[in-house]
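For reference, the structure discussed in these notes is given below.
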Amino acid sequence: MADGAGGSAGGPVATRVPVLLRGQGPVVAAVALGGAAGAAARYGASLLWPAAPSAFPWTILVVNTVGCAVMGVLMVVITEGRQTHRLVRPFLGTGVLGGFTTFSTYAVDIVRLTDLREVRTALAYLALTPVAALAAVWAGSAATRRAIAAATAVAASRRRR
């Protein structure tokens, strides 16, 4: 065949891998495995601390806030700290934390609360979640930068002795 994708009658057929996917198998696998772990952890949290349908969804707020704080820590560690394996960021950042945090459930919770006429609760949740998430990312990254700076200073003082 002219495009090189076929073979002779009965012979092997070569498959073409799109240029964008070449070498990305490990990254896709890391994201998928991490996402499964993160989603399972979030599901476990929702089983441990369930919320009544008309109640404030504290579990998901805490999950999203904790996930954002850990994301702040992770991004500082892998961008400003030590050299890490190329799959750390896709596995932990996109996979585990992407599966753990859930802004789709946040949106569904707001609709559910509104449908149940719990408008004040829905509005409070609508406002509090992004504020808590952004504050958590900032706090996690700021605390990690301070910890790295302190550890670097201690190591430098030990070398001078």
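Excluded from the calculations below are hydrogen atoms, water molecules and symmetry mates; all remaining heavy atoms, backbone and side chain alike, are included.
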**Item:** Contacts of Arg145 that satisfy salt bridge (charged side-chain N to carboxylate O under 4.0 Å, His left out) - sequence neighbours left out
**Value:** Glu80
**Fill in**
Residue set satisfying ring pair (Phe, Tyr, Trp, His ring centres under 6.0 Å) with Trp58, at least two apart, ordered chain then number -> Phe56
**Request:** Determine the minimum heavy-atom distance between Gly93 and Met71, stating which atoms define it.
**Result:** O-CE, 3.3 Å
**Complete:** Looking only at heavy atoms, the pair that brings Val63 and Ala45 closest together is CG2-CB, 4.0 Å
**Asked** Is it true that Val27 and Phe91 fall in one hydrophobic cluster, defined by side-chain heavy atoms closer than 4.5 Å?
**Response** no
**Complete:** Going by chain and number, the hydrophobic cluster around Val154 (ILVMFWY, side chain to side chain under 4.5 Å) further includes none
**Prompt:** Is there a path of hydrophobic side-chain contacts, each under 4.5 Å between heavy atoms of I, L, V, M, F, W or Y residues, that connects Phe100 with Leu134?
**Reply:** no
**Prompt:** Where is the tightest heavy-atom contact between Pro90 and Val31, given as atom of each residue plus distance?
**Reply:** O-CG2, 3.6 Å
**Message:** Applying side-chain hydrogen bond (donor to acceptor under 3.5 Å, both in side chains), can you list everything that pairs with Thr129, at least two apart in sequence or on another chain?
**Reply:** none
**Prompt:** Where do Ala136 and Thr65 come nearest, in terms of heavy atoms and distance?
**Reply:** CB-O, 3.3 Å
**Prompt:** Shared ILVMFWY cluster between Val88 and Met75, side chains joined below 4.5 angstrom?
**Reply:** yes
**Request:** Give a yes or no on whether Leu61 and Val70 share a hydrophobic cluster (residues Ile, Leu, Val, Met, Phe, Trp, Tyr; joining criterion: side-chain heavy atoms under 4.5 Å apart).
**Result:** no
**Asked** Applying the 4.5 Å side-chain criterion to the ILVMFWY set and letting contacts propagate, would Val108 and Val62 be lumped into a single cluster?
**Response** no
**Fill in**
For Tyr43, the hydrophobic cluster (side chain heavy atoms closer than 4.5 Å, chained through members) also holds Leu47
**Item:** From Thr84 atom OG1 to Ile78 atom CD1, the distance as rounded to the nearest 0.5 Å
**Value:** 5.5 Å
**Message:** As an exercise, state the distance from CD1 of Ile110 to OG1 of Thr121, rounded to the nearest 0.5 Å.
**Reply:** 11.5 Å
**Request:** Give, for atom OG1 of Thr79 and atom CG of Leu74, the distance between the pair rounded to the nearest 0.5 Å.
**Result:** 8.5 Å
**Message:** Nearest 0.5 Å, please: how far is OG1 in Thr105 from CZ in Arg42?
**Reply:** 5.0 Å
**Request:** List, by chain and number, the other hydrophobic cluster members for Trp49, where Ile, Leu, Val, Met, Phe, Trp and Tyr join if side-chain heavy atoms come within less than 4.5 Å, directly or indirectly.
**Result:** Leu48
**Asked** If you round to the nearest 0.5 Å, how far is CG of Leu113 from CG of Leu126?
**Response** 10.5 Å
**Complete:** In this structure, CD1 of Ile60 is separated from CG of Asp109 (nearest 0.5 Å) by 6.5 Å
